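Because the structure is a prediction, the values reported are computed rather than measured. Throughout, a chain's letter reflects where its sequence line sits, starting with A, and its residues are numbered from 1. All values below come from the heavy atoms of this structure, side chains included, with hydrogens, waters and symmetry mates left out.
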Amino acid sequence: MSGTPTPPGGSEREQRAAKVARLRELGVVPYAYRFERTCTVAQAIAREGELAPAETPVSLAGRLVALRGHGHTSFGHLKDASGKIQIYIRDDEVSARDFEIFRLLDVGDIVGVTGPLFRTKTGELTVRVKGFEVLSKAINPLPEKWHGLQDKELRYRRRYVDLIVNDDVFATFVLRSRIVETVRRHLLANGFLEVETPILQPIYGGALARPFVTHHNTLDVDLYLRIADELYLKRLIVGGMDRVFEFSKDFRNEGMDRSHNPEFTMLECYAAYWDYTDMMRFVEELFTLLAREIVGGTEITYGEHTINLAPPWRKLAYFDGLREATGRDLREADAAALKKIAVERNLDVEGASSRGDFLDILFGELVEPGLIQPTFVMDYPIEISPLAKRHRKEIGLVERFEPYIAGYEVGNAFSELNDPVDQRERFEAIAKLWDGGARETHPVDEDYVRALEYGMPPTGGLGIGIDRLVMLLTNSPSIRDVILFPQMRPEEGRGGAGE
RNA sequence: GGGCCGCUAGCUCAAGUGGUAGAGCACCUGCCUUUUAAGCAGGGGGUACCGGGUUCGAACCCCGGGCGGCUCACCA
């Protein structure tokens, strides 16, 4: 093809590919090596007043998101991570070759432009393009400009396109980064040390969940992807690291839905010489900071709820919550009695067998949904808290709390169990439940018990589900809206014949 | 895993009861020197998720499969 315009016919992708060839014919490398920009779009907009428009050109780089050709001129919009600005080019202000090259550009291409800023007669700040470079020619067209990319499957599978065209999606992930940064800063400011612990673990623990299993060839052993990093962090407390934390990608081989992804991010932190009341104060401080820095106030909106994060938060003892819901004191109730209550209320008790299972069901169904405003649920039954320290006053309870917001459990904390003998007994009790057919349980981690036998100081521990935290602060209804690449079935084999 | 819904051009969506697939955006050609959902005129583009069946004829009806969404169950 020689100098002739792109021939008609073929898919848009083919037509755009032909433009790449045409650009090369014109001596343009459509995939540049670098571009020196003088500022971002947002900076250009902010600095308009300081610049002497006629003399001081700016160089900006970004994606063409709109083009409006007018024969001898052309308007368009250039978008970078900071914002969007109009560009304007005239054929009497650039070379004929440059204008021809410009006319080969499409929406979606990445370009660098240089020129002074001016205001059009409608008052819009615009770059008067005197020179430009093709930085990357896009072969695939962007989604349509009015409706953008709607299809959720495509949005998740091609998140890069979603990010290009849906500004609110982009903003959510910027906020996620800022949230993590704020949490990290608060921890560092309080003397916590950021550490990294194994993702591949020979024994999984620290939570009750089904793990992913993998295999190490050289060692010829099965390893588990961690379901929590708790037991490793507390080993570090034993080792004398008084305050540690880790943003831990955890993996749980369970169902997926609006609030569960197989891999998710958990913050865990541990502070020697704290108990759970210290941790409660810390959580309130952290959320107050997040509210101020991320939301700009203590009030947030989540779905239909307006939530006030200002401390102090309501404190609700676990069995007080159950008493309010059932009218009965269940502290002494055994498994059979609890089952009876659950069945009376038409709750699904399938698969439940232990006292802890029934308590979990009753609390989850009757109490949790009402915990909209921030609430610390405190002092859990010992059966469902194998790593928490016995309550200093109440028999059968542990010093544990979970902060609830908008009906979501956003964290989990306790005065950590540091008595090795008690810990071993708890592990064994749990293991027995396994033999009894309980849904999930722990293998005994002998090395962890051994670590406790070297002496762990009294310690307060806290876990916060980062994904859910981000959901709350960004008013996102699905965990998939706050995870860049949520787990999907592979595209491979789509449309294939059934097997 | 169960239930309901969906899958048509690159994207967003149409097409009473089965009759041989359309629009807008995007792309191509022409015109257009301050437009902005630019405009006007012309044009190209389809494995209808995949496979089978019924039928003279299937985007549409039936069966099987795939993927997704919502929801229930389980979990954080």
Table of protein N/O atoms under 3.5 Å from nucleotides 46-48 of chain B N/O atoms:
none

Atom pair distance, as rounded to whole Å: CZ in A:Arg13 and P in B:rC28: 16 Å
Gap between atoms CG and P, on A:Asp106 and B:rA26 respectively (whole Å): 11 Å
With a 3.5 angstrom cut-off on both distances, give the Watson-Crick or G-U wobble partner of B:rC25, or none if there isn't one. B:rG10
Can we say A:Arg157 and A:Asp162 salt-bridge, meaning some charged N sits less than 4.0 Å from an Asp/Glu carboxylate O? no
Residue pair A:Phe485, A:Tyr156: steps toward the ring-ring contact (aromatic ring centres under 6.0 Å, His included) verdict: CA-CA 6 Å; A:Phe485 300 100; A:Tyr156 297 142; over 10 Å; no
Is any side-chain heavy atom of A:Asp106 less than 4.5 Å from a side-chain heavy atom of A:Asp109? yes
Please examine the side chains of A:Phe287 and A:Pro403, heavy atoms only from C-beta on, and report whether any two atoms are closer than 4.5 Å. no
Integer angstrom distance from the [atom1] of [N] to that of [M]:
N      : M      : atom1 : answer
B:rA48 : B:rA14 : C1'   : 13 Å
B:rU47 : B:rG1  : P     : 31 Å
B:rG53 : B:rG57 : C1'   : 15 Å
B:rG66 : B:rA26 : C1'   : 29 Å

Relative to the 5' end of RNA chain B, which residue comes earlier, A:Gln86 or A:Glu12, by the nucleotide with the nearest heavy atom? A:Glu12
Taking for each residue the nucleotide of RNA chain B bearing the nearest heavy atom, is the 5' side occupied by A:Phe251 or by A:Gln487? A:Gln487
Can you tell which of A:Thr197, A:Val244, A:Asp445 makes a side chain to side chain contact (heavy atoms under 4.5 Å, CB included) with A:Arg235? A:Asp445
Taking the ring of A:Tyr276 and the ring of A:Phe414, is the distance between their centroids below 6.0 Å? no
